[in-house]
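Everything on this sheet refers to the single structure shown next.
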There are 2 protein chains.
Amino acid sequence: MRERNKISEKQRNILRFMETFIDQKGYPPTIRQIGEAVGIDSTSVVNYNLNKLVQAGYLERTGRTSRGIRLIKPLNPRRVSVNSAYNTPRIPLIGQIVASAPVSIPEDMGHHIDDDNLIEVPVSFLNGIDPSEVFALKVKGDSMIDAMISDGDIVLLRRQDTVSDGQMVAVWLDERGETTLKHFFAEGPRVRLQPAHPTMSPIYVDAAHCHIQGRVLSVLRPSV
Amino acid sequence: MRERNKISEKQRNILRFMETFIDQKGYPPTIRQIGEAVGIDSTSVVNYNLNKLVQAGYLERTGRTSRGIRLIKPLNPRRVSVNSAYNTPRIPLIGQIVASAPVSIPEDMGHHIDDDNLIEVPVSFLNGIDPSEVFALKVKGDSMIDAMISDGDIVLLRRQDTVSDGQMVAVWLDERGETTLKHFFAEGPRVRLQPAHPTMSPIYVDAAHCHIQGRVLSVLRPSV
DNA sequence: ATTCTAAAAGAACGCTCGTTCTATGTCAAA
DNA sequence: TTTGACATAGAACGAGCGTTCTTTTAGAAT
């Protein structure tokens with residue numbers, strides 16, 4: 001079987017045209033408008049290529065509906081941040097993060113999400129991570145000052161229990177009985193947790209007593 | 001003349017329906033779909049109300065174009081952050097902010113903006129301020145630590161030379177020869193500049209030697 | 001009581017637009 | 001050379017869809 005995800009130059013042009021068209025007009029183009037833009041004289045050929053793009057996962061179509069085309073997969077993910085033709089991901093704000101308690105993450109993040117607790121996040125802030133794996137917590141209190149994070153900040157996290165050296169993590173420390181945000185470095189049997197604040201000293205804990213709650217992707221401070 | 005900006009309950013329903021429809025489907029509804037949703041049996045009546053909404057500035061329409069309707073003004077600005085039916089504002093990233101130099105703001109922000117230097121910002125982060133008045137600067141160096149801002153952070157600013165007490169400002173201090181971000185308090189002839197970091201002391205400067213460059217709206221830390 | 005305007009209904013018209021079918025050309029594999 | 005998948009063109013059909021016109025009703029202003 002031939003490569004199904006490969007798309008032709010003409011199909012790339014269709015995607016590019018659709019991005020700018022939707023961005024500028026606020027609604028998708030018709031088949032004939034696409035044809036005119038990319039130099040295809042027949043509606044059936046445009047239709048043919050659109051179906052290819054659906055197969056490749058770039059588009060969704062609604063049958064027998066004028067302009068029933070929707071962009072799904074960006075052609076160049078890096079440029080999406082300047083293009084509103086794609087939907088901006090909305091991340092569930094599922095709770096607070098305080099020093100005195102472990103972060104509580106519902107097992108199933110898909111359910112019981114209140115519309116009011118979704119925050120819109122620029123795609124570029126997710127570093128290519130699937131938005132469905134990401135959640136947000138609001139920082140309560142000034143205990144995260146050593147991570148350069150203040151009260152009211154919103155922390156974007158990806159649920160994972162292992163991280164690479166240098167990444168910032170949310171960890172629960174058994175011995176101290178607190179949650180903290182630090183840069184993580186595995187050093188043999190123990191773990192070095194380095195504050196983001198450059199003048200503050202790292203702490204060292206036993207790896208067994210350090211429970212990673214998730215990786216910190218970015219921090220947002222909505223108002224100052 | 002009667003109030004032109006007031007819209008009826010039915011027209012509010014139309015806007016609400018359009019928000020969710022565009023959000024879910026990726027394209028705007030037809031006149032008949034709107035009518036069915038809000039309980040209007042005649043296409044001409046929907047058309048009538050749509051034109052009212054255009055007059056009130058909530059919509060734009062493209063004549064004789066199927067689904068040629070676009071949302072402009074959000075019904076409830078606070079809720080826009082969870083709705084991608086509106087375009088996410090893109091803010092020009094026009095330079096860096098360092099302690100050692102005043103922020104340089106081009107007189108005309110509308111021109112010579114490179115596409116690659118636009119950053120997408122959730123509407124809720126602008127506090128209702130017109131996006132065209134907002135610009136972004138990237139923080140260089142660790143000199144803003146007392147404002148809980150670290151190297152690489154992106155600061156959203158609104159160009160203005162006066163602010164209210166308590167707001168965070170970017171100011172240029174003649175005597176120190178530096179730009180800093182502090183909470184602003186006018187105290188008679190002088191100005192108290194309070195660091196965001198709770199344990200740090202304020203500084204006091206003569207109001208005449210304190211040049212406000214802009215008001216800080218929010219702070220974004222793209223990756224940690 | 002009359003007049004004016006907003007709001008709504010319904011029908012008819014005609015362009016818009018997706019779909020489908022047939023036909024032609026290209027190129028690589030058999 | 002033949003076969004078959006792929007790509008493109010063109011045309012015709014029918015439903016989709018915005019526009020416009022005529023009426024009707026309700027309420028406010030004169």
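Below, read A as the first sequence line, B as the second, and so on, with proteins coming before strands; counting in each chain starts at 1.
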To the nearest angstrom, how far is [X] atom [atom1] from [N] atom [atom2]?
| X | N | atom1 | atom2 | result |
| --- | --- | --- | --- | --- |
| B/Tyr48 | D/dG18 | OH | C1' | 18 Å |
| B/Asn49 | C/dA8 | CG | C1' | 9 Å |
| A/Ile40 | D/dC6 | CD1 | P | 17 Å |
| B/Gln33 | D/dA15 | CD | P | 17 Å |
| A/Tyr27 | C/dT16 | OH | C1' | 13 Å |
| B/Ile34 | C/dA8 | CD1 | P | 14 Å |
| A/Arg61 | C/dC17 | CZ | P | 14 Å |
| B/Ile31 | C/dC17 | CD1 | P | 13 Å |

Is there a side-chain polar atom (N or O) of [X] under 4.0 Å from OP1 or OP2 of [N]?
| X | N | answer |
| --- | --- | --- |
| B/Lys10 | C/dA8 | yes |
| A/Ser44 | D/dA9 | no |
| B/Asn47 | D/dT19 | yes |
| B/Arg64 | D/dT20 | yes |
| A/Ser42 | D/dG10 | no |

No-hydrogen, no-angle side-chain donor-acceptor test under 3.5 Å, A/Arg67 and A/Gln33: yes
Comparing B/Arg32 and A/Asp41 on DNA chain D - which has the more 5′ nearest nucleotide: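 The answer here is A/Asp41.
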Donor-acceptor under 3.5 Å (A/Thr65 side chain, A/Gly63 main chain):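 A pair under 3.5 Å: yes.
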Touch class at under 4.0 angstrom, heavy-atom based, for A/Gly68 against every strand present: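 Since no nucleic acid heavy atom lies under 4.0 Å of A/Gly68, the category is nothing.
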Side-chain touch A/Val191/A/Leu193, heavy atoms, less than 4.5 angstrom: yes
Close side-chain approach of A/Val139 and A/Ile154, heavy atoms under 4.5 Å: no
Worked verdict on A/Lys182 versus A/Thr180 for side chain to side chain donor-acceptor pair (under 3.5 Å): CA-CA 6 Å; A/Lys182 297 275 190 306; A/Thr180 184; 2.5 Å; yes
